[in-house]
Every structure is written in structure tokens, then in C-alpha cells.
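Comments concern the structure below.
Only heavy atoms go into these numbers, but all of them, side chains included; no hydrogens, no water, no symmetry mates.
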Amino acid sequence: MLDGQVALVTGATRGIGRSIALALGAAGATVIGTGTTEAGAASIDEAFAQASVRGRGAVLDVTDAAAVTRLLAEVEKESGAVTILVNNAGITRDNLLLRMKDDEWDAVVDTNLTSVFRLSRAVLRGMMKARAGRIINITSVVGASGNAGQANYSAAKAGIAGFTRSLGREIGSRGITVNCVAPGFIDTDMTQALPEASRAALLGQIPLGRLGRPEDIAAAVVFLASPGAAYITGATLHVNGGMYMG
């Protein structure tokens with residue numbers, strides 16, 4: 001389905017990002033998955049080799065504009081221009097607003113929101129020349145619903161949705177779509193470490209009665225990257241088991 005496509009997935013060392021990268025590769029794309037360390041990039045290489053995915057891991061600090069430019073030049077030389085960009089990299093620095101430090105706000109906004117602008121701008125020239133492309137941004141249910149102690153994270157994720165709609169309007173005439181996937185609570189190391197009572201309370205908010213799997217998010221991304229989603233742009237696809245219905 002995605003033969004001939006070149007996908008760049010940020011934050012692909014584990015969890016949702018890893019599943020997205022593997023799913024795009026299974027659909028035929030050549031995939032560049034990024035991590036913040038050499039060890040992370042090596043783990044992506046290993047996962048790709050085991051799954052027979054074309055592509056490689058790469059080290060990238062998404063807050064470093066020069067590093068973004070260098071990586072995209074490398075990818076274009078190796079595999080061709082990026083045709084699918086998945087902005088997945090993100091961090092949390094949770095705190096109540098009254099106690100939140102400037103650096104906790106700045107780090108989350110720069111990594112989670114400004115990086116989306118930075119990477120999207122970097123791939124646009126190639127996509128506009130080809131008059132085709134997919135930009136898929138990973139937001140969060142809390143960008144729509146809000147969450148106490150996550151004003152920085154929620155603001156960044158809500159900002160991504162606004163950015164997505166605006167960019168979708170700008171470049172739709174060039175055949176490029178821009179969409180969001182908004183995960184709910186996903187079964188990861190973090191949620192597995194929650195006390196049983198907290199997990200039960202969380203599940204009580206989800207009509208489907210289970211946490212999401214990384215593969216649930218990956219399937220949504222593959223759909224939005226596929227030819228079948230060619231007439232969808234500026235949309236946010238909520239994948240949360242019904243806990244937020246917007």
C-alpha cells in the first residue's frame with residue numbers, strides 16, 4: 001500500500017512511535033525512525049531488522065533546527081524526499097500551574113509543539129515539488145479534554161491541532177494532507193506501573209473497557225498515510241475507546 005513512500009517517524013524508540021514505524025514499514029514504506037541517543041537509534045535498527053522493515057534508526061534532537069536540516073538532507077540522499085512525516089516525539093513535565101517552572105513549560109512546548117512546526121516546514125519543499133505528501137501529528141486526548149497538572153502538555157497538544165488545521169488549509173491545493181491522531185490512555189510501561197485502584201478508575205472512564213494498544217494508534221496513522229485517506233485533511237482522529245467524544 002505504501003510502496004515507494006519514504007516515512008520519517010520521530011520518537012520511534014518505543015511505545016506508540018515504535019509501533020507506528022513498524023506498521024508503516026509493514027505497509028511497504030521505507031522508514032526513518034528517530035531517537036535521541038545512539039542506543040535508541042540502534043534499537044530501532046534492530047527492530048527493523050527483525051521485522052524486515054526497510055529503513056534505519058537515526059539520532060535526532062527535534063529541538064535542534066540544524067540537526068533537523070542535516071537529517072533530512074541525509075535521508076533525501078539515501079532514500080529520496082520524505083513523503084510521510086509523523087510528528088510523534090514528545091515529553092511530559094507535569095506540575096500544578098502554581099508550581100510550574102518556566103523551564104518545565106518551555107521544554108514541553110519546544111519539544112511537543114515547536115518541533116512539529118520545525119519538521120513540517122523542513123519537509124514541505126519536497127512535498128510541494130511532488131504535489132503529494134502526508135503530515136500526521138500525534139496529539140492527545142488531553143489536548144481536547146484538558147488534564148489537571150498538565151497545562152503545558154495540554155496546551156502544546158491543543159496547539160498542534162490548530163497548527164494542523166491551518167497548515168491543511170495552506171497546502172491542500174498541492175495535494176498534501178495534514179491530520180492529527182489523538183491517542184487516549186495507552187497500555188505502556190507508565191500505565192502498567194499505576195496502582196490497581198488508579199487503573200480501575202481509569203478504565204471506568206473508557207466505554208470500551210480497556211486501555212488502548214500502541215497498535216491501535218499505528219493503524220490509524222497507516223490509514224491516514226494511505227491512498228484511502230486522500231480526501232481527509234485538517235482532521236483529528238480520536239482513538240481513545242470513547243473516553244472523549246468530540
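Surrounding CZ of Arg210 are more than 12 heavy atoms belonging to other residues, nucleotides or ligands, all under 6.0 Å away. When the shell of 6.0 Å around CG of Asp3 is examined, it contains more than 12 heavy atoms from other residues, nucleotides or ligands.
Panel note: side chain Thr177, backbone Thr233; no donor-acceptor pair is recorded below 3.5 Å. Panel note: side chain Thr34, backbone Gly11; a donor-acceptor pair is recorded below 3.5 Å. In this structure, the side chain of Thr83 engages the main chain of Val6 through a donor-acceptor pair within 3.5 Å. A donor-acceptor pair is defined here as one N or O able to donate and one able to accept, closer than 3.5 Å; such a pair exists between the side chain of Asn179 and the backbone of Gly234. Remark: side-chain polar atoms of Asn112 are paired, donor with acceptor, to backbone N or O of Ile91 under 3.5 angstrom. Although no hydrogens or angles enter the test, the distance criterion places a donor-acceptor pair under 3.5 Å between the side chain of Thr10 and the main chain of Ala89. When atom types are taken as modelled, the side chain of Arg134 and the backbone of Ile176 share no donor-acceptor pair closer than 3.5 angstrom.
Every residue meeting the salt bridge (Lys or Arg N to Asp or Glu O under 4.0 Å) condition with Arg213, not counting sequence neighbours, appears here in chain and number order: Asp216. Evaluation of the side chain to side chain contact (heavy atoms under 4.5 Å, CB included) rule for Thr114 yields Val109, Asp110, Phe117, Arg118 as partners, not counting sequence neighbours. With sequence neighbours excluded, no residue forms a salt bridge (Lys or Arg N to Asp or Glu O under 4.0 Å) with Asp106.
Proximity of Ile217 to Ile186: side-chain heavy atoms (C-beta onward) are separated by under 4.5 Å at one or more points. In this structure the side chain of Asn137 never reaches within 4.5 angstrom of the side chain of Leu85, judged on heavy atoms. Taking 4.5 Å as the limit, some side-chain heavy atom of Met1 sits within range of a side-chain heavy atom of Val222. No side-chain heavy atom of Arg18 sits under 4.5 Å from any side-chain heavy atom of Pro214. Side chains of Val59 and Thr36 form no contact here, defined as non-hydrogen atoms less than 4.5 Å apart. Residues Leu211 and Arg199 are in side-chain contact: their nearest non-hydrogen atoms beyond the backbone lie under 4.5 Å apart. Looking at heavy atoms from C-beta onward, Ile16 lies in side-chain contact with Pro183 at the 4.5 angstrom threshold. Residues Leu124 and Arg174 are not in side-chain contact: their nearest non-hydrogen atoms beyond the backbone lie 4.5 Å or more apart.
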May I have the step-by-step check of side chain to side chain contact (heavy atoms under 4.5 Å, CB included) for Leu24 and Val86, ending in yes or no?
-> CA-CA 10 Å; Leu24 290 170; Val86 182; 4.0 Å; yes
Report the C-alpha separation of Gln5 and Thr30 in whole Å, then their side-chain angles, then the decisive distance to 0.1 Å, and conclude whether the side chain to side chain contact (heavy atoms under 4.5 Å, CB included) test is met.
-> CA-CA 6 Å; Gln5 302 295 313; Thr30 296; over 6 Å; no
Evaluate the side chain to side chain contact (heavy atoms under 4.5 Å, CB included) criterion for residues Leu203 and Phe185: first the C-alpha distance (whole Å), next the side-chain angles of each, then the deciding distance (0.1 Å), finally the verdict.
-> CA-CA 9 Å; Leu203 290 172; Phe185 285 98; over 6 Å; no
Donor-acceptor contacts, no H, no angles, side chain residues 238-246, under 3.5 Å, sequence neighbours left out:
unit_1: Asn240; atom_1: OD1; unit_2: Gly242; atom_2: N; d: 2.8
unit_1: Asn240; atom_1: OD1; unit_2: Met243; atom_2: N; d: 3.2
unit_1: Asn240; atom_1: ND2; unit_2: Tyr244; atom_2: O; d: 3.0

Let me have the donor-acceptor pairs involving side chains of residues 138-150, under 3.5 Å, with sequence neighbours excluded, atom names and distances please.
unit_1: Thr139; atom_1: OG1; unit_2: Val181; atom_2: O; d: 3.4
unit_1: Ser140; atom_1: OG; unit_2: Val142; atom_2: N; d: 3.2
unit_1: Ser145; atom_1: OG; unit_2: Val141; atom_2: O; d: 3.2
unit_1: Asn147; atom_1: ND2; unit_2: Gln150; atom_2: OE1; d: 3.0
unit_1: Gln150; atom_1: NE2; unit_2: Asp94; atom_2: OD1; d: 3.2
unit_1: Gln150; atom_1: NE2; unit_2: Asp94; atom_2: OD2; d: 3.3

Side-chain donor-acceptor pairs of residues 68-77 under 3.5 Å, sequence neighbours excluded:
unit_1: Thr69; atom_1: OG1; unit_2: Ala65; atom_2: O; d: 3.2
unit_1: Glu74; atom_1: OE1; unit_2: Arg56; atom_2: NH2; d: 3.3

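Both Ile160 and Leu119 are part of a single hydrophobic cluster, where members link through side-chain heavy atoms under 4.5 Å apart. Cluster annotation: Ile20 and Leu60 are assigned to distinct hydrophobic clusters (Ile/Leu/Val/Met/Phe/Trp/Tyr, side-chain heavy-atom contacts under 4.5 Å, transitive). Tracing side-chain contacts under 4.5 Å through hydrophobic residues (I, L, V, M, F, W, Y), one reaches Val31 starting from Ile136; they form part of the same cluster. The cluster map of Ile, Leu, Val, Met, Phe, Trp and Tyr, joined by side-chain heavy atoms under 4.5 Å apart, puts Leu8 and Val178 in the same cluster. Residues Leu22 and Val221 are members of one and the same hydrophobic cluster, defined by side-chain heavy-atom contacts under 4.5 angstrom among Ile, Leu, Val, Met, Phe, Trp and Tyr.
Between Asn87 and Ser115, the shortest heavy-atom contact is OD1-O, 4.3 Å. Gly55 and Phe48 make their closest contact through C-CD2, 3.8 Å (heavy atoms, listed as atom of the first residue, atom of the second, distance). The two residues Ile84 and Ala225 have their closest heavy-atom pair at CD1-CB, 4.0 Å. Minimum interatomic distance between Gly17 and Val9 (heavy atoms only, all atoms of both residues): O-CG1, 3.8 Å. Scanning both residues, Cys180 and Ala161, for their nearest heavy atoms gives SG-CA, 3.9 Å. Scanning all heavy atoms of the two residues, the minimum distance from Gly33 to Ala12 falls at CA-CB, 3.8 Å.
Here the CD1-CZ distance, from Ile171 to Arg169, works out to 13.0 Å after rounding to the nearest 0.5 Å. Summarising the geometry, atom CZ belonging to Arg93 is positioned 8.5 Å from atom CG belonging to Asp103; distances are rounded to the nearest 0.5 Å.
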